[in-house]
Amino acid sequence: MAEYDPNTALLVVDVQNDFADPAGSLSVSGGEEVVLVANREIERALDAGALVVYTQDWHPESTPHFQKDGGIWPVHCVQGTWGADFHPDLKVVGEIVRKGTGGEDGYSGFTVRNPRSDEVEGTALESILRARGVERLVVMGLATDYCVKETALDGAAKGFDTVVLLEGIRAVNLRPGDGDRALDEVKRAGVDVE
Ligand code: VGL
Ligand code: ZN
């Protein structure tokens, strides 16, 4: 369990049906198990006066992120579909940051990459955190080796004291060991994994 205070934000990353539900198009093994952990942490965070922010993968029907359009992923989290909805059991109390909305690629909750210009653009996440005086992040959700990893790396690079909550993450593991390698990488960047 992580510690919370008013200068901490809990980032609940992409706990959406396509990742968390076994019937989702990009279902992550054990993904559904993070919902209960998330609800417990959300409650604890709110009780301590911490901010809770949710990220939501939110793709158009066509995006270079998808295999059929030149990317690597099956179609997932298409705006307005069941797969893009948060898991129905997830307690949603707080701001939601959607990413990929305009067909951008990338995984971090902080930044997206414009596939035409290749430019990296910021999402609303950093300004939401700065406006609240957040200094510390607790990151959990799906998936360890993509959105959790990139969000934690960006958070640390932006100077937030960043923790990844091991109990609340699960990996895609396209290649065996990707999840473990992701955790090694975030640790090397100064992120605490606990
Ligand atoms: C994610 C793969 C593709 C994630 C998003 O949320 O980790 N992974 N899009
Ligand atoms: Zn995606």
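Predicted model, so just to flag it, every value in this text is computed and none were measured. As the structure lists them, so they are numbered: ligands from 1, and atoms in each ligand from 1. Note that the numbering runs from 1 along the sequence shown for the chain.
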Ligand 1 contact by Gln16, heavy-atom criterion under 4.0 angstrom: no
Just by distance, with hydrogens left out, do Ser108 and Lys99 show a side-chain donor and acceptor under 3.5 Å apart?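 There is no such pair (donor and acceptor under 3.5 Å, judged by atom type) between the side chains of Ser108 and Lys99.
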Do Asp154 and Thr111 meet the criterion of a side-chain donor-acceptor pair at a distance under 3.5 Å? yes
Which of the atoms of ligand 1 are close to [X], meaning less than 4.0 Å from one of its heavy atoms?
{"X": "Cys147", "answer": "1 (C), 4 (C), 5 (C), 6 (O), 7 (O)"}
{"X": "His65", "answer": "3 (C), 9 (N)"}
{"X": "Asp14", "answer": "4 (C), 6 (O)"}

Which value, rounded to the nearest 0.5 Å, describes the distance between Arg132 atom CZ and Leu51 atom CG? 4.5 Å
Angle, NE2 of His65 through the Zn ion (ligand 2) to NE2 of His76 - 10° precision: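 Taking the Zn ion (ligand 2) as the apex, the two atoms subtend 100°.
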When you measure from atom 5 (C) of ligand 1 to every protein heavy atom, which one gives the shortest distance, and what is it?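 Going atom by atom, the protein heavy atom closest to atom 5 (C) of ligand 1 ends up being Asp57 OD2, 3.1 Å.
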Who's the nearest protein heavy-atom neighbour of atom 8 (N) of ligand 1, and how far?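 In this structure, atom 8 (N) of ligand 1 has Tyr146 CB, 3.7 Å as its nearest protein heavy atom.
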Would you call the rings of His59 and His76 parallel, tilted or perpendicular, where under 30° means parallel and over 60° means perpendicular? perpendicular
Look at the rings of His65 and Trp73 and say which category their plane angle falls in: under 30° parallel, 30 to 60° tilted, over 60° perpendicular. tilted
Flag Asp57 as yes if one of its N/O/S atoms falls below 2.8 Å of the Zn ion (ligand 2), otherwise no.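 It does; at least one qualifying atom falls short of 2.8 Å.
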Is Cys77 close enough to the Zn ion (ligand 2) that one of its N, O or S atoms comes in under 2.8 Å? no
Any nitrogen or oxygen of Ala143, main chain or side chain, under 3.5 Å from a nitrogen or oxygen of ligand 1?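 Checking ligand 1 against Ala143, an N or O pair does fall under 3.5 Å apart.
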Do any nitrogen or oxygen atoms of Trp73 lie less than 3.5 angstrom from nitrogen or oxygen atoms of ligand 1?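 No: no nitrogen or oxygen of Trp73 is under 3.5 Å from one in ligand 1.
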Side chain or backbone of Val148 under 4.0 Å from ligand 1, or both, or neither, by non-hydrogen atoms?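 Val148 to ligand 1: no contact under 4.0 Å from either part.
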